[in-house]
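Scroll down for the structure; my scribbles are underneath it.
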There are 2 protein chains.
Amino acid sequence: MSPLTAKAIQSQKTVARILTATAHLFVNHGYHGTSIAAITKAIGLTKGALYAHFSSKEDLLLALIKQFEMEFLDQLIAEVEDVKGNALDKLHHYFNFAANFAEKNRELCLLATIISAEFSGAGHDRFDSEFRRIYFKYARFLRRIVEEGKLQGLIDPALDTHTAAYTIIAFHDGVLLQWQRSRDVLEGPVFVKTFRQLLFHGLGMKNGAQDA
Amino acid sequence: MSPLTAKAIQSQKTVARILTATAHLFVNHGYHGTSIAAITKAIGLTKGALYAHFSSKEDLLLALIKQFEMEFLDQLIAEVEDVKGNALDKLHHYFNFAANFAEKNRELCLLATIISAEFSGAGHDRFDSEFRRIYFKYARFLRRIVEEGKLQGLIDPALDTHTAAYTIIAFHDGVLLQWQRSRDVLEGPVFVKTFRQLLFHGLGMKNGAQDA
DNA sequence: TATTACATGCTGATCGTTTAGGATCTTTTT
DNA sequence: AAAAAGATCCTAAACGATCAGCATGTAATA
């Protein structure tokens with residue numbers, strides 16, 4: 001498939017370096033807050049080199065979104081759907097995967113969350129449709145699990161499946177964002193554990209919480 | 001206190017118009033994605049006029065953060081701490097207040113969430129310390145409620161109070177963000193209701209959910 | 001020799017910010 | 001009460017810096 005010439009290998013490596021640096025800058029300074037000059041400076045290349053590999057700044061973000069989709073979302077879905085067990089087992093596996101990925105690849109993991117917030121009402125056709133697609137796929141995946149959990153009597157059937165799926169995503173995104181914001185006042189493992197407990201059991205006592 | 005001359009009244013109105021337009025643009029396009037020209041164009045004024053009221057773009061954001069703090073956070077804390085009732089009553093009042101505020105003033109409500117994400121790793125001293133202050137005050141408020149709920153036997157004492165407070169904020173921020181992103185595929189009331197149920201009772205059946 | 005990876009150096013546009021001055025309202029002086 | 005002086009809100013035009021992007025050249029590989 002790919003010619004393994006020395007040039008081609010170097011090209012691949014350069015592309016990877018560009019994407020890593022760009023993800024880092026996009027996540028920490030935003031899309032508009034990151035200049036092409038800042039990216040090239042971060043990896044010790046010139047603009048000419050960057051534009052030999054990517055046709056535009058837009059193209060850079062689209063490549064990162066694709067990377068997020070393939071390395072995080074698609075991988076997540078594939079792994080979780082292979083889990084032998086009930087819906088709650090799958091959700092646990094979901095959080096395990098997400099926590100592991102976030103630890104090793106925090107910036108890519110945060111990319112969709114942060115950048116989609118920046119463009120939330122921008123009317124940028126290309127980005128909008130990509131983010132929409134991603135979150136739709138994400139929600140469909142969770143919808144299936146929630147539906148399954150309801151059938152297994154593990155998830156409250158009073159919950160609207162569609163909305164619950166989006167709310168789980170929202171919780172996850174919120175936790176990621178808070179982790180990025182307040183890493184210095186939070187302990188990772190405790191945070192993950194708290195997140196888990198709140199999502200599965202809520203605030204109340206585990207053995208039959210009373211309502212207000 | 002304030003002289004109610006015609007000029008002063010006009011000035012106040014202009015400042016308010018600038019802040020409203022700026023909040024709208026910041027939330028939808030990000031801080032760096034919003035130009036001074038875009039702001040002035042949105043309200044039909046010139047740059048000179050804007051710089052007569054605000055000394056810099058930075059100053060604009062700081063003013064909006066202050067506005068968020070006073071109109072949302074301080075108001076929220078004052079109202080909820082006046083509630084006669086247990087911790088869960090207070091949390092319900094918290095969500096009622098937040099939902100009402102978000103409905104009437106969505107953009108100001110989203111400001112802290114979105115812009116703090118954009119600057120999450122920027123090392124911008126002024127903004128960082130402001131956001132840190134805001135979220136600390138927010139968390140302290142929720143910590144008190146969680147602590148109270150534990151003493152009242154309404155909230156699981158196994159939860160770490162500090163972390164639970166930050167997680168509640170994270171959930172709320174995540175839901176706000178998702179609401180901004182996917183308003184077209186979500187129904188407001190159902191979303192709020194689902195958020196409430198998940199936070200209070202989790203995914204499981206209300207009458208004693210089983211663990212995995 | 002042909003192709004590929006990158007450097008150099010530049011483009012017009014746009015960025016945040018400043019300046020000079022006009023128009024209108026307020027205060028002071030006559 | 002009328003006019004002069006001052007304060008205030010705003011416009012128009014421009015500033016230097018930086019933006020994304022591109023044309024052209026060079027050096028190394030194939």
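So that the names make sense, note that chain A is the first sequence line, chain B the second, and so on, each numbered from 1. The structure presented is a predicted model; accordingly, all values stated were derived computationally and were not measured.
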Practice task
Describe the nucleic acid contact of S11(B) in one word from base, sugar-phosphate, nothing, applying a heavy-atom distance below 4.0 Å.
Solution key: sugar-phosphate
Problem - Distance in angstrom units between I18(A) CD1 and dA5(C) P, rounded - result: 11 Å
Completion exercise
Taken to the nearest whole Å, CG/L61(B) to P/dG16(C) is 13 Å
Completion exercise
Rounded to whole Å, CG of D59(B) lies from P of dT18(C) at a distance of 12 Å
Fill in the blank from the handout: Of the listed dC6(C), dC10(D), dG21(D), the closest approach to the T14(A) side chain comes from dC6(C)
Practice task
Could you tell me whether the side chains of D156(A) and Q197(B) share a donor-acceptor contact shorter than 3.5 Å?
Solution key: yes
Practice task
Could you please name the option among dG16(C), dA7(C), dA20(D) that lies closest to any side-chain atom of Y51(A)?
Solution key: dA20(D)
Completion exercise
Between V146(B) and A164(B) the two heavy atoms that sit nearest each other are CG1-CB, 4.5 Å
Handout entry: Short side-chain N/O contact from K57(A) to OP1 or OP2 of dA20(D), under 4.0 Å
Key = yes
Exercise for the section: Please determine if R181(A) forms a cation-pi arrangement with Y135(B), meaning its NZ or CZ atom is less than 6.0 Å from the six-membered ring centre and no more than 45° off the ring axis. Expected result: yes
Completion exercise
By nearest-nucleotide position on DNA chain C, the 5'-leaning member of A52(A) and S56(B) is A52(A)
Problem - Distance below 4.0 Å between Q10(A) side-chain N/O and dC6(C) OP1 or OP2 - result: yes
Handout entry: Ring centres under 6.0 angstrom apart (F195(B), F171(A))
Key = yes
Handout entry: Spacing between K13(A) atom NZ and dC6(C) atom P, to the nearest angstrom
Key = 12 Å
Practice task
Take atom NE2 of H53(A) and atom P of dG21(D), then tell me their distance rounded to the nearest Å.
Solution key: 16 Å
Exercise for the section: Sort and list the pairs that fulfil salt bridge (charged side-chain N to carboxylate O under 4.0 Å, His left out) and have at least one residue in residues 42-51 of chain B, not counting sequence neighbours. Expected result: none
Practice task
Rounded off to whole Å, could you give me the CD1-to-P distance for the I9(A) and dT4(C) pair?
Solution key: 15 Å
Handout entry: From dA20(D), dC9(D), dT18(C), nucleotide with atom closest to K47(B) side chain
Key = dT18(C)
Problem - Near-strand residues of residues 25-35 of chain A, defined as heavy-atom separation under 4.0 angstrom from DNA chain D - result: T34(A), S35(A)
Exercise for the section: Assess the pair H29(A) and Y31(B): is the distance between their ring centroids shorter than 6.0 Å? Expected result: no
Handout entry: H124(B) NE2 to dG16(C) C1', straight-line distance once rounded to whole Å
Key = 13 Å
Problem - Sugar-phosphate, base or nothing in reach of L45(B), heavy atoms under 4.0 Å - result: sugar-phosphate
Handout entry: Between P of dA5(C) and CD1 of I43(A), the distance in whole Å
Key = 14 Å
Practice task
Mark yes or no: R143(B) above the aromatic ring of F136(B), with NZ or CZ under 6.0 Å from the six-membered ring centre and no more than 45 degrees from the axis.
Solution key: yes
